[in-house]
Amino acid sequence: MVSDERYMLRALQLAKMGGIATQSNPLVGAVIVLNDMIIGEGYHQKYGEAHAEVNAVNSVADKSLLNEATIYVTLEPCSHFGKTPPCADLLVRYQFKRVVIAQIDPYPEVAGRGIEKLRQAGIQVDCGILEQEAKELNKRFITFQTKKRPFITLKWAQSKDAFIDLDRTGEQKTGINWISQPETQVITHQIRSREQAILVGWITIKNDNPSLTTRAFKGPNPIRIILDSQLQAPKDAKVFNDGNQTIVLNLLEDKIVNEVRYIKSDSLDPQSILEILYRNNLNSVLIEGGSATLSSFIESGLWDEALVITGENEFKSGLKAPVLAKNPVKTVRFGKDTLNYFQNYSV
């Protein structure tokens, strides 16, 4: 068991390397072991490309060794034809001696069928090694498959006296009122790079004119989602003119203008929004504001994680920050800022 956990930990480590490039696919790692030595390993690197088991098998020069080897996989090998052939068939073809699996695949087209195919071929299959760690790694994929919606992370910064913004009725009607220190931006942009999409309301676009990119961290930009029921956001805003992908959810029209796609919906309540994003194959969304948008998801209970950044300065008055009726699972002090992490899911 100790040996199994050691090799599965390596497989989980490999799986993480796939990152956002796997898109709506799960993060999967695989390690091939013979005589207590790793002879091959691989991970799912990019959506639509070879799965972890294929890359691991391809890394072994002498394929004749595989029928005496054990392969450790963080997720049940697939048993159906998708963008690639079934990985369970590959393992059967090489007649692996043993397959060790961390988690059964929640995807209905697999969900135990890969394991059944392996056992019918006479291969020993053991499941549940570091299962919780594997589920935590693939919480986005699991949420997408089981709840039929994206995994939702909320994020906002608030002043020491719990305001999310200054009063906009005075002289300053537009522009960002910075709350956190500049260094914290690296953390928040790193978080952006982990999610497929980022969502804000149109008033945030009007007031702050944000880029919603990962410019402070080397990582992929998320798809921008703008809630704009009446298409009131300024057309000269950065999100409509920088060439990066943007989706505008609205109540008026469907159209495409350059990299901006407008999607019409009968409603823009949280449940309707998530149904649209699910249909568009987005398995994770970071919601950054504004206060009304964040509060609507909090009140609906349709969120999974939250990051609340509290700065040192006080606003005295302004727009009150949303409130989570939970205690943080983790608190981190980062320079002058306090980062509180909240959790609203279980694996």
Side-chain angles (χ1 to χ4, degrees), residues 1-22 24-47 49-80 82-107 109-142 145 347:
M1 181 63 72
V2 173
S3 178
D4 283 346
E5 290 187 355
R6 183 170 76 247
Y7 293 126
M8 190 61 78
L9 276 173
R10 174 56 181 163
L12 288 166
Q13 184 182 45
L14 288 165
K16 291 177 184 177
M17 295 171 65
I20 197 65
T22 63
S24 57
N25 280 356
L27 297 167
V28 185
V31 173
I32 300 173
V33 176
L34 179 65
N35 298 327
D36 210 27
M37 289 183 58
I38 294 177
I39 63 169
E41 55 184 31
Y43 65 96
H44 182 38
Q45 298 179 18
K46 189 176 181 180
Y47 178 77
E49 295 186 359
H51 288 185
E53 298 93 322
V54 175
N55 288 330
V57 166
N58 287 342
S59 74
V60 179
D62 185 357
K63 302 294 191 293
S64 68
L65 300 174
L66 297 179
N67 64 359
E68 289 296 322
T70 295
I71 184 168
Y72 293 82
V73 190
T74 58
L75 187 71
E76 176 184 5
C78 60
S79 56
H80 69 293
K83 289 186 176 295
T84 59
C87 291
D89 289 359
L90 176 73
L91 303 188
V92 169
R93 188 197 325 156
Y94 285 105
Q95 277 297 299
F96 275 84
K97 185 176 182 179
R98 181 174 176 238
V99 178
V100 181
I101 299 166
Q103 180 202 349
I104 295 174
D105 195 331
Y107 183 52
E109 292 293 322
V110 183
R113 296 178 187 175
I115 293 170
E116 182 181 2
K117 182 175 285 190
L118 294 170
R119 285 176 172 161
Q120 286 179 347
I123 297 172
Q124 179 184 341
V125 180
D126 295 306
C127 301
I129 305 298
L130 300 186
E131 181 179 15
Q132 290 302 110
E133 289 84 348
K135 286 182 175 180
E136 176 65 24
L137 176 67
N138 273 315
K139 57 194 176 186
R140 294 164 181 81
F141 176 74
I142 294 169
Q145 295 298 330
V347 294

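- To the nearest 0.5 Å, atom CD1 of residue I32 and atom OH of residue Y94 are 10.0 Å apart.
- Going from atom CG of L90 over to atom CG of L66 covers 8.5 Å, rounded to the nearest 0.5 Å.
- The distance from the CD atom of Q95 to the CD atom of E68 is 11.0 Å, given to the nearest 0.5 Å.
- You'll find the side chain of Y7 stays beyond 4.5 Å of the side chain of V100, heavy atoms only.
- Of all non-hydrogen atoms in F141 and P26, the two that sit nearest each other are CE1-CD, 3.5 Å.
- The salt bridge (charged side-chain N to carboxylate O under 4.0 Å, His left out) search around K135 returns E131, not counting sequence neighbours.
- Under the side chain to side chain donor-acceptor pair (under 3.5 Å) criterion, N58 pairs with no residue at all, not counting sequence neighbours.
- Taking all atoms of both residues into account, the shortest heavy-atom contact from D105 to E76 is N-OE1, 3.1 Å.
- Atom CG in L12 sits 6.0 Å away from atom OG1 in T74 (nearest 0.5 Å).
- Annotation: side chain of V73 is in contact with side chain of E53 (closest heavy-atom distance under 4.5 Å).
- What you find for V125 and I115 is that their closest heavy atoms are CG1-CG2, 3.9 Å.
- Within the 4.5 Å cutoff, no side-chain heavy atoms of L27 are placed close to those of H44.
- When only modelled atom types and interatomic distance are considered, Y72 and D4 share a side-chain donor-acceptor pair under 3.5 Å.
- Among residues at least two apart or in separate chains, salt bridge (charged side-chain N to carboxylate O under 4.0 Å, His left out) pairs with a member in residues 30-41 are R6-D36, R10-E41.
- For K63, the NZ atom is densely surrounded, since the number of other residues' heavy atoms within 6.0 Å is greater than 12.
- Annotation: side chain of K117 is not in contact with side chain of R113 (no heavy-atom distance under 4.5 Å).
- Remark: N35 engages no residue in a side chain to side chain donor-acceptor pair (under 3.5 Å) (not counting sequence neighbours).
- Note that the CD1 atom of I123 and the CG atom of L118 stand 5.0 Å from one another [nearest 0.5 Å].
- Partners of R93 by salt bridge (charged side-chain N to carboxylate O under 4.0 Å, His left out), not counting sequence neighbours: none found.
- Residues meeting the salt bridge (charged side-chain N to carboxylate O under 4.0 Å, His left out) test with E136, sequence neighbours left out: K139.
- Residues Q103 and I142 are in side-chain contact: their nearest non-hydrogen atoms beyond the backbone lie under 4.5 Å apart.
- Within the model, atoms CD of Q45 and CG of L14 stand 10.0 Å from one another, a figure rounded to the nearest 0.5 Å.
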